[in-house]
Amino acid sequence: MKPVIALVDCNNFYASCEKLFRPDLKHKPLIVLSNNDGCVVARSREAKALGIKMGVPVFQVRGLIREQGIAVFSSNYALYADMSSRVMGVLEMLAPEVEIYSIDEAFLELTGVSHAVNLTDFGTQVRATVGQWTGIAVCVGIAPTKTLAKLANHAAKQYPATRGVVDLTDPERQRRLMALLPVSEVWGIGRRLTLRLNQLGIKTALDLAQTEPHWIQKEFSIVVARTVRELNGESCLELESVAPPKKQIVCSRSFGERIMDKHAMRGAIGQYTARAGEKLRHEKQVAKRITVFIRTSLFNAAEPSYGNTVTSELLRHTSDTRDLLAQSHRLLDSIWRDGYRYAKAGIMLSDFCSEAQGQRGLFDGIESRPHSPGLMKIIDQINQQKRGLVFLAGQGIKKEWSMRRDYLSPGYTTHWQDLPRVI
DNA sequence: TCTGGGGTCCTAGGACCC
DNA sequence: TCTGGGGTCCTAGGACCC
């Protein structure tokens with residue numbers, strides 16, 4: 001049976017979520033900013049038409065925002081995560097197998113489905129159902145491999161005549177589309193690879209598809225060779241409906257205001273450490289390595305710059321915030337330098353194993369903290385209801401460095417007091 | 001003045017061993 | 001005086017993704 005995969009991708013996801021609860025902005029240009037209100041990370045159709053580019057620093061488009069009356073929102077992650085799980089829930093009802101690929105995209109397994117229904121009709125049905133049940137518009141690309149499904153989805157987004165659904169199972173249709181698309185539109189081909197491929201005369205997706213995979217592997221890597229095979233309809237990337245366990249957890253932020261005081265930095269590092277520990281316990285894993293980094297701004301050449309990263313092994317695998325916090329503060333002490341205006345800091349946990357293996361303390365004989373799992377569980381339970389309600393003293397109390405979110409919308413779907421009102 | 005955050009995979013090169 | 005080569009493991013860094 002020939003494999004068939006669909007890629008369902010939400011249109012301008014963050015911007016669409018904001019518009020859902022602001023019908024007054026329905027046809028208005030709207031943008032969503034990154035954490036700390038730094039860059040533009042999502043744009044409504046109207047904002048794209050005004051020439052606002054993805055990733056542009058917001059201060060560079062202040063003028064345009066004012067002139068055009070563009071609505072601006074800070075990232076409201078609670079809202080997007082909740083809307084995402086609603087969309088994914090609908091998809092899971094419609095397809096036998098679903099891989100949630102990112103907050104706004106999922107691959108659906110459709111192998112065999114094509115015998116029962118017309119694939120374009122199926123895509124249209126997915127679009128209509130998600131739209132009706134969640135209010136979010138999606139596009140659907142259907143093809144024999146993930147890479148081709150990505151291209152099909154791109155076409156569905158780009159060409160309105162497709163009505164948001166492209167069935168790219170026909171090889172001749174694949175060739176016609178690939179001949180139109182620059183190689184940079186292919187999934188897995190980023191800026192650097194585009195440059196090198198172009199130098200070799202490979203300009204379109206079709207040019208890439210027509211290269212020799214062995215030669216590509218020699219010149220580039222096995223990753224690009226796989227992409228070539230996928231473009232030719234040979235499936236190399238499996239659908240992963242069960243998420244594999246994480247291998248690292250990162251928690252990092254830019255500061256709302258520069259940090260110069262070590263005590264404030266200890267608070268920030270403490271905060272990120274606690275959050276990382278919470279994520280780790282949620283994964284039911286324990287970590288052995290911890291990394292701390294701090295740095296000044298990357299963009300201000302005028303002021304003295306400094307950045308440093310340090311990694312160390314914990315005495316044993318752990319997910320106890322107290323262990324993680326003690327170590328991250330020691331690491332901070334080792335790289336902290338007075339006299340700089342720090343812009344960003346973060347911590348990373350890695351070298352994981354499952355809780356069950358870690359807690360036996362196989363190799364060291366060092367006693368774990370008393371009451372560790374019970375205490376952490378209670379802290380997590382309380383904080384699940386309201387983040388940051390209970391915390392360790394090492395996480396700091398004053399949050400003068402916390403990120404800027406000047407344009408935050410209400411938690412419409414996640415907080416009772418923020419429920420939208422109809423007047 | 002103001003430029004995000006969180007991931008994955010692969011490769012090259014060094015350390016170490018026999 | 002002569003000073004190999006292959007294998008494995010680990011890490012840092014690059015490239016990509018959303």
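In what follows, chains are A, B, ... by sequence order, proteins preceding strands, each numbered from 1.
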Name the nucleic acid region contacted by Leu193(A), choosing base, sugar-phosphate or nothing; use a 4.0 angstrom heavy-atom cut-off, strictly under. sugar-phosphate
What contact category does Asp37(A) fall into here, base, sugar-phosphate, or nothing, at under 4.0 angstrom with non-hydrogen atoms? nothing
Run the salt-bridge test on Lys218(A) and Glu212(A) with the 4.0 Å N-O cut-off and return the result as yes or no. no
Let me spell it out: for each of Arg226(A) and Pro57(A), pick the nucleotide of DNA chain B with the closest heavy atom. Which residue's pick is nearer the 5' end? Pro57(A)
Can you tell me which residue pairs pass the salt bridge (Lys or Arg N to Asp or Glu O under 4.0 Å) test with a partner in residues 249-276 of chain A, sequence neighbours excluded? Lys262(A)-Asp333(A), Arg266(A)-Asp333(A), Arg275(A)-Glu278(A)
Pairs counted as Watson-Crick or G-U wobble with both distances under 3.5 Å: what dot-bracket string results for DNA chain C, using | for bases tied to another strand? ....||||||||||||||
Contact list for DNA chain B against residues 210-223 of chain A - heavy-atom distance below 4.0 Å: Ser221(A), Ile222(A), Val223(A)
Salt bridge or not for Asp323(A) and Arg316(A), using N-O below 4.0 Å? yes
Evaluate side chain to side chain contact (heavy atoms under 4.5 Å, CB included) for Asp418(A) paired with Tyr412(A), printing each intermediate quantity in order. CA-CA 5 Å; Asp418(A) 289 348; Tyr412(A) 296 110; 5.6 Å; no
Using chain A heavy atoms and a threshold of under 4.0 Å, write down where along DNA chain C the contacts begin and end, 5' to 3'. dT11(C) to dC18(C)
Identify every side-chain donor-acceptor pair in residues 245-252 of chain A under 3.5 Å, counting partners at least two apart or on other chains, and give the distances.
none

Near DNA chain B, under 4.0 Å by heavy atom, which residues of residues 231-261 of chain A? Lys246(A), Lys247(A), Gln248(A), Ile249(A), Val250(A), Cys251(A), Ser252(A), Arg253(A), Ser254(A), Arg258(A)
